[in-house]
Every structure is written in structure tokens, then in C-alpha cells.
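Not measured: the values here are computed from a predicted model. The figures here come from the full heavy-atom set of this structure, side chains too, leaving out hydrogens, waters and symmetry mates. Whatever order the structure lists them in is the order used to number ligands and atoms, beginning at 1.
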Amino acid sequence: MVTAESTVDLLVVGAGTAGLAAAVEAAARGLTVTVVEQADQVGGTLWRSWAQMSAGGTELQRSRGIEDNPDLHFDDVMRISKQTADPKLVRLAVDHAPVTIDWLMSAGFDMDPDAPAILYFHEPYSLPRTYWGRRGGRSVLEVLVPRFDQARDVGALTAHLSTTMTELLVDGADRVAGIAVVDAAGRRREVRADHVLLTTGGYAGNATLFPELTEGAPLVGPGAPTSTGSGISAALAVGASTRGGDLFLPTYGGVLLRDSESTTIPLDDFPQLTPQSRQPWEIHVNRRGQRFVAEDSASVDVRETALLDQPGLEFWVVYDQAARVKAPPLLPSYDEDHLVEMFEDHPSFCTADTVEGLADLAGIDPDGLAATVAAYNSGVESGADAWGRTHLPLPIAQPPYYAVRNHGTTLKSPAGLVVDDQLRVVGARGPLSNLYAAGEVLGGSTLSGKSFVSGMSVTPALSFGRLIARRVAGVEKGTT
Ligand SMILES: Cc1cc2nc3c(=O)[nH]c(=O)nc-3n(C[C@H](O)[C@H](O)[C@H](O)COP(=O)(O)OP(=O)(O)OC[C@H]3O[C@@H](n4cnc5c(N)ncnc54)[C@H](O)[C@@H]3O)c2cc1C
């Protein structure tokens with residue numbers, strides 16, 4: 001059955017980070033708003049994201065005596081991204097970022113008392129500029145969802161949950177008329193709108209689409225299952241194009257779920273491989289049993305880039321009983337009983353009484369691993385490591401030996417839709433005048449390049465969603 005609704009000012013497709021922010025702002029500006037969300041709840045990736053945000057020039061920084069501004073933020077983003085991020089969109093993002101953080105604060109955001117800070121999970125900023133809530137993405141939801149619900153309750157917006165956009169409906173050469181959706185009962189409907197905003201997120205939950213859009217790179221990660229990439233596919237079908245698939249860089253480490261070849265354990269449970277948080281007592285080896293980087297390199301970009309060249313984008317963290325007993329926990333969220341269970345029956349956790357036996361079990365070349373362990377141990381003894389590592393606490397010499405298989409993982413998908421500087425999707429013949437995009441659908445690499453820049457996904461998703469709503473309101477109602 002095909003039915004049509006009356007036309008609304010703004011149709012928001014996807015109610016995650018960017019979509020919720022856009023819908024709330026648009027409703028507050030007096031637009032008629034319809035929101036379509038495929039899941040049976042709003043929130044998207046915010047349910048699992050750390051939602052670390054970044055902005056230069058906030059009230060909070062000023063109150064702490066931190067002198068920062070969007071220009072310094074811009075320079076840092078371009079430095080960390082090695083000039084591979086899109087400078088125009090980075091400029092737009094950093095200019096709006098402080099307003100977004102100030103807005104969250106004025107809305108009662110539960111900011112962690114340690115924020116803002118310089119964090120080291122990604123290549124660090126030069127100033128304390130990263131912010132996060134005490135409950136990660138859930139703290140952001142605690143601001144957005146009540147405002148969304150309230151707007152819906154007073155009739156300022158209409159939300160259709162469990163309703164999936166299947167296609168964009170074109171209206172001449174440079175416009176869209178709306179979208180086609182399918183609801184939970186399988187009914188097809190058309191929703192008409194003057195403006196359509198794609199906030200459908202990325203494709204880090206779609207192991208089939210991931211290599212297609214990312215030059216064959218495999219998907220391994222903790223991405224949300226709702227990150228299907230269907231917004232990108234729908235836009236491609238009406239002449240849009242993607243960019244950034246060549247800018248894939250894996251995040252360093254992460255362990256697969258027991259029964260999956262693409263989904264990892266939650267990010268909070270990943271092994272602690274950031275030297276600024278925990279110095280390594282282990283070595284990291286590839287399938288050939290060879291080390292490929294100084295495990296204590298202060299630069300995560302150096303470690304991630306080295307991992308990019310390893311076969312299968314996988315590596316094993318190898319250690320012995322002495323490290324197990326003496327080192328700070330490698331997997332801090334697992335207690336001893338849980339760890340014993342993992343070594344008993346999880347395929348990524350192996351233990352054996354000899355180095356060669358460990359290699360056999362793990363699928364590493366035994367001769368390669370034995371030679372690497374011997375070379376590492378003589379470096380520990382002499383104090384001169386072949387890879388320049390300086391943290392050399394103990395040789396790997398006391399059985400049993402352990403290996404934990406890790407992967408180059410994906411938190412956000414790199415490729416996304418090409419947009420112009422007004423965030424309008426660019427089609428085969430130029431920008432589509434009323435089709436906008438915000439959030440990860442723009443591509444994770446657009447604002448981070450071939451790198452990871454702290455907070456450069458969630459903050460711009462919120463900022464761009466709100467900005468587009470205001471622009472549409474300005475066009476439609478004469479407000480700014
Ligand atoms: C574990 C993890 C940690 C992260 N940590 C950080 C961090 O600390 N800082 C940071 O900046 N970024 C982080 N990220 C990335 C960041 O969270 C995301 O890029 C961002 O939240 C994406 O927001 P979005 O609005 O674009 O998409 P989402 O929040 O994913 O929302 C998209 C919504 O669209 C819906 N949708 C999709 N297709 C359709 C369709 N066809 N029809 C209807 N609805 C549809 C989805 O169901 C979903 O609700 C992290 C990601 C992960 C997975």
C-alpha cells in the first residue's frame with residue numbers, strides 16, 4: 001500500500017546524534033518536523049559511544065583559565081589529520097563547536113569533572129579540549145531525549161519509530177520530494193517534505209558494505225547494528241557520490257566476540273594498549289611472529305599506521321606468567337575468574353607451556369615467534385631494544401605463555417557523502433537544493449582525515465544537525 005502524508009518543512013531521517021539535535025532545534029524554531037527512525041528507540045550510536053567531544057573557546061575552558069579558540073582547534077585538527085581532513089568542513093565544525101558545548105552545559109549536561117583534558121586514546125591535542133559526560137553517550141542522550149519527547153508530546157514534531165527509509169524520491173534534476181519508508185508491518189509509505197536531512201549514520205555495523213566503500217578493508221569493530229549505511233546507499237541511488245574510502249586507518253586493538261568475525265567485545269572491555277595509561281609489559285606480533293612497532297610509542301598514529309601494513313590487520317599481544325602476575329591488568333574490566341574462562345574457551349585467548357606451542361595454538365608462525373621472543377629478551381637484558389622501545393620491565397621467559405589476538409578495529413566508518421559547504425548533498429549535476437546530510441553519513445574521515453581526532457564525530461554531528469535546522473528555519477520562516 002502506498003500512502004502520502006502532507007508535506008512537512010523538515011524530514012529528519014535517523015534519530016541518532018545528529019538527527020536528535022536537528023529535530024529538537026527545528027521544532028524549537030517552529031518548523032513542522034517529521035522524524036523517521038528504523039530502530040524501535042531513538043539514540044543511534046550514542047547508546048554505545050564514549051561521546052568524547054572537542055571544542056576550542058568554551059565557557060568551561062575560560063572558567064579553568066585555558067586559553068583556546070576555534071583557530072587553534074582548526075590548526076590542531078589539520079596537524080593531527082596530516083592535512084587530510086576537509087579544511088572547509090573542519091572550519092565549519094570548529095567554529096560551531098564551542099556553541100554546542102556551551103549549549104549542552106546550559107541544558108544541564110552531566111560533564112565529567114576531569115573535563116576538559118588532553119586524552120591519549122587518539123593522537124593528543126596540544127591543549128585540554130576534550131569533553132565527555134560521566135555516562136559517555138548516555139549523558140548526551142540525557143539532554144537530547146527529554147527535549148525530543150517534549151517536542152513530540154506538544155505536537156511540535158512527529159516521530160515514526162521502527163520505520164525504515166528505503167529510497168529517496170527525486171523531484172526534478174536538483175531536488176528531492178521526500179522519501180519512501182517501510183514500517184514494522186512491511187507497509188510502504190511516502191513521506192513528503194520541503195527539506196530532507198539524512199542523519200542515518202555510518203556503515204560500521206555493515207560487514208558487507210564496509211569493504212565496498214573502503215577499498216576492501218575488513219570490518220572489525222564495536223559499531224552499532226543500526227549503522228547500516230542505508231542512507232549512503234539511498235543517496236548513491238539518486239546520483240550522490242562518496243569520498244574518504246581511501247582514508248581508512250584502523251584503531252589499534254580490540255578483541256572479537258567469541259562467535260563473530262566482525263563484531264568485537266564492547267570498547268570499554270578492550271585490552272589497555274595506550275602507553276600513557278598503562279606501559280606495555282607484552283610484545284605485539286603479527287602472523288609471522290614479528291614485532292612491527294615499539295609497543296610503547298607515545299604516538300598512537302605511529303602504532304595505527306604500522307598496523308595498517310600487517311597481514312589481516314591482526315596482531316597478538318604476547319606475554320608470560322611473570323607479566324600476568326606483576327603487570328597492571330591488560331584487560332582491566334575482567335576479573336581473574338573471567339580471564340581464566342576466556343583462556344579456557346575463547347578462540348582469541350591462547351595459553352601454552354612453550355613459546356612454539358603458543359604460536360601453534362594462536363596461528364602464529366612458531367619459528368618467527370621464538371626468534372622474536374629471543375631477540376626481545378636480549379634487548380631487555382642489554383637495555384637496547386631493536387624497535388627503540390624504552391619500557392623493558394622483564395624478559396618473556398616464565399611459562400605458561402599467553403597470546404591475545406587483537407585487530408585493527410573501526411569505531412566510525414571513513415567514507416561518506418560528498419556535500420557542499422552548506423551541507424547539501426552533491427548529486428550528479430551539483431548540489432541537491434533541499435537534501436542535507438550531517439553526522440557520520442558524511443564519512444568519519446571528512447573531519448579527521450586518515451587519522452582520529454578526538455571529539456571530531458560527535459561534536460560536529462550535534463553542531464551540523466542544529467545548524468541545518470536553523471538554516472532551514474531561516475529559509476522557511478525568516479528566522480536565523
Ligand atoms: C564504541 C564507539 C565509541 C565512539 N566514541 C566516540 C567518541 O568518543 N567521540 C566521537 O566523536 N565519536 C565517537 N564515536 C563515533 C560517534 O559516536 C558516531 O560517529 C556518531 O555518534 C554518529 O552519529 P550519527 O547521528 O551520524 O549516527 P547515529 O548516531 O548512528 O544515528 C543514525 C540513526 O539513523 C538510523 N537509521 C539508519 N538508517 C536508517 C534508515 N534507512 N531509515 C531510518 N533510520 C535509519 C539509525 O537506526 C540510527 O538511529 C564512537 C563510536 C563507537 C561505535
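F210 and F248 have perpendicular rings, their planes meeting at more than 60° on a 0 to 90° scale where under 30° would count as parallel. A parallel orientation is assigned to the rings of H122 and F452, their planes being inclined by less than 30° (bins at 30° and 60°).
Contacts of T163 with ligand 1, taken as heavy-atom pairs under 4.0 Å, involve the backbone alone. By the criterion of a heavy-atom distance under 4.0 Å, the backbone of A51, and not its side chain, is placed next to ligand 1. Here V458 has heavy atoms under 4.0 Å from ligand 1 in both its backbone and its side chain.
Shortest contact from atom 35 (C) of ligand 1 to any protein heavy atom: E37 OE1, 3.3 Å. When only non-hydrogen protein atoms are considered, atom 29 (O) of ligand 1 lies nearest to T45 N, 3.0 Å. In terms of protein heavy-atom proximity, atom 25 (O) of ligand 1 is nearest to A18 N, 2.8 Å.
Between Q38 and ligand 1, a contact under 3.5 Å exists for at least one N or O pair.
Taking a cut-off of under 4.0 Å to the non-hydrogen atoms of W50, the atoms of ligand 1 that pass are 3 (C), 4 (C), 5 (N), 8 (O). Here is the list of ligand 1 atoms found below 4.0 Å of a heavy atom in T17: 20 (C), 21 (O), 22 (C), 23 (O), 25 (O), 29 (O). In the vicinity of G44, heavy-atom distances shorter than 4.0 Å reach the ligand 1 atoms 29 (O), 31 (O), 48 (C), 49 (O).
Under the side chain to side chain donor-acceptor pair (under 3.5 Å) criterion, R64 pairs with no residue at all, not counting sequence neighbours.
Counting heavy atoms from C-beta on, the side chains of Y125 and D68 never come closer than 4.5 Å.
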